[in-house]
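For reference, the structure discussed in these notes is given below.
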Amino acid sequence: MNSQSGSSPRNAPDGSSLVHPVTPGPELLETAAGTLRMLAEPTRLHLLWLLSNGPETVTELTAASGAARTVVSQHLAKLRLSGLVDTRKDGRHVIYSLHDGHLVRLIRETINHADHRITGEPAHD
């Protein structure tokens, strides 16, 4: 049993750890708080949730989110500068993706947690 996280260490298919014991110091806490600040805006959170399902272009994200293209582009720029999303070029298109699996799980758990709060579904591990 891992006393830091309350669970045994698990590994991803590539062998990397999904859970690692850490002691949160000032730098780690500030970095984590910065990530949560980026998630604290509904449009950005929606874009991140869309990207948790796989890479997308600005055009695809604009259509799926219902937000104006300029708004989507501005939020994506902030997410890219904060290191939460990565980009790659495919011809004339820029493809956006989440930086890593930790973010995929964080976004999905955040949305699921909110769903439980709204629907009243009982808490679970």
Side-chain angles (χ1 to χ4, degrees):
M1 192 70 126
N2 177 339
S3 63
Q4 295 290 323
S5 66
S7 64
S8 299
R10 296 185 324 236
N11 290 333
D14 68 359
S16 61
S17 66
L18 296 174
V19 178
H20 6 225
V22 295
T23 302
E27 182 180 13
L28 182 60
L29 291 168
E30 185 55 42
T31 300
T35 296
L36 294 173
R37 281 191 293 273
M38 293 306 292
L39 271 60
E41 200 287 325
T43 300
R44 278 197 299 267
L45 183 57
H46 190 196
L47 294 172
L48 290 165
W49 178 80
L50 291 167
L51 291 172
S52 77
N53 295 308
E56 302 274 355
T57 65
V58 174
T59 301
E60 292 166 331
L61 291 167
T62 298
S65 70
R69 185 179 183 90
T70 55
V71 170
V72 170
S73 292
Q74 289 171 354
H75 282 300
L76 289 171
K78 289 179 183 180
L79 292 167
R80 185 179 52 77
L81 288 172
S82 70
L84 299 183
V85 299
D86 297 324
T87 60
R88 66 177 170 81
K89 292 281 271 182
D90 183 15
R92 293 182 13 230
H93 301 282
V94 177
I95 311 293
Y96 288 84
S97 61
L98 291 182
H99 181 69
D100 61 37
H102 288 293
L103 286 170
V104 171
R105 291 183 297 280
L106 177 62
I107 301 304
R108 289 180 180 170
E109 284 298 319
T110 300
I111 297 297
N112 286 328
H113 173 73
D115 180 64
H116 280 60
R117 300 269 321 254
I118 290 169
T119 64
E121 185 172 336
H124 57 83
D125 288 337

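Being a predicted model, the structure only gives us computed values, none of them experimental.
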Without placing hydrogens or testing angles, list every side-chain donor-acceptor pair under 3.5 Å for residues 65-72, not counting sequence neighbours.
residue : atom : partner : partner atom : Å
S65     : OG   : L61     : O            : 2.8
S65     : OG   : T62     : O            : 3.4
S65     : OG   : A67     : N            : 3.2
R69     : NH1  : T59     : OG1          : 2.9

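- Atoms CD1 and NE2, from I111 and H46 in turn, are 8.5 Å apart once rounded to the nearest 0.5 Å.
- Although no hydrogens or angles enter the test, the distance criterion places a donor-acceptor pair under 3.5 Å between the side chain of N112 and the main chain of R108.
- Residue T31 holds its OG1 atom at 11.0 Å from CG of L36, rounded to the nearest 0.5 Å.
- Shown here for K89 and R92, the closest heavy-atom pair between the two residues is NZ-O, 4.2 Å.
- Note: the hydrophobic cluster containing I95 does not contain L48 (ILVMFWY, side chain heavy atoms under 4.5 Å, direct or indirect links).
- Between I107 and W49, the shortest heavy-atom contact is CG2-CA, 3.5 Å.
- Of the inter-residue distances, the one linking R37 atom CZ with S82 atom OG reads 10.5 Å to the nearest 0.5 angstrom.
- A 6.0 Å sphere centred on CD of E121 holds more than 12 heavy atoms belonging to other residues, nucleotides or ligands.
- In this structure, NE2 on H93 lies 8.5 Å from CD on E60, to the nearest 0.5 angstrom.
- The backbone N or O of M38 sits less than 3.5 Å from a side-chain atom of R44, completing a donor-acceptor pair.
- Side-chain contact between K78 and E41 is absent, with no heavy atoms from C-beta onward closer than 4.5 Å.
- Using a 4.5 Å heavy-atom threshold, the side chains of L103 and L84 count as touching.
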Practice task
Could you walk me through whether L98 and S52 pass the side-chain contact (heavy atoms from CB on, under 4.5 Å) test, one step at a time?
Solution key: CA-CA 7 Å; L98 291 182; S52 77; 3.9 Å; yes
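- Closest non-hydrogen pair, A40 versus P42, comes out as O-CD, 3.9 Å.
- Looking only at side-chain heavy atoms (C-beta outward), Y96 and T57 stay at 4.5 Å or farther from each other.
- Looking at heavy atoms from C-beta onward, L39 lies in side-chain contact with L106 at the 4.5 angstrom threshold.
- Atom NE2 of H113 has 12 or fewer heavy atoms from other residues, nucleotides or ligands within 6.0 Å.
- The main-chain N or O of L76 is never found under 3.5 Å from a side-chain atom of R80 such that the two would form a donor-acceptor pair.
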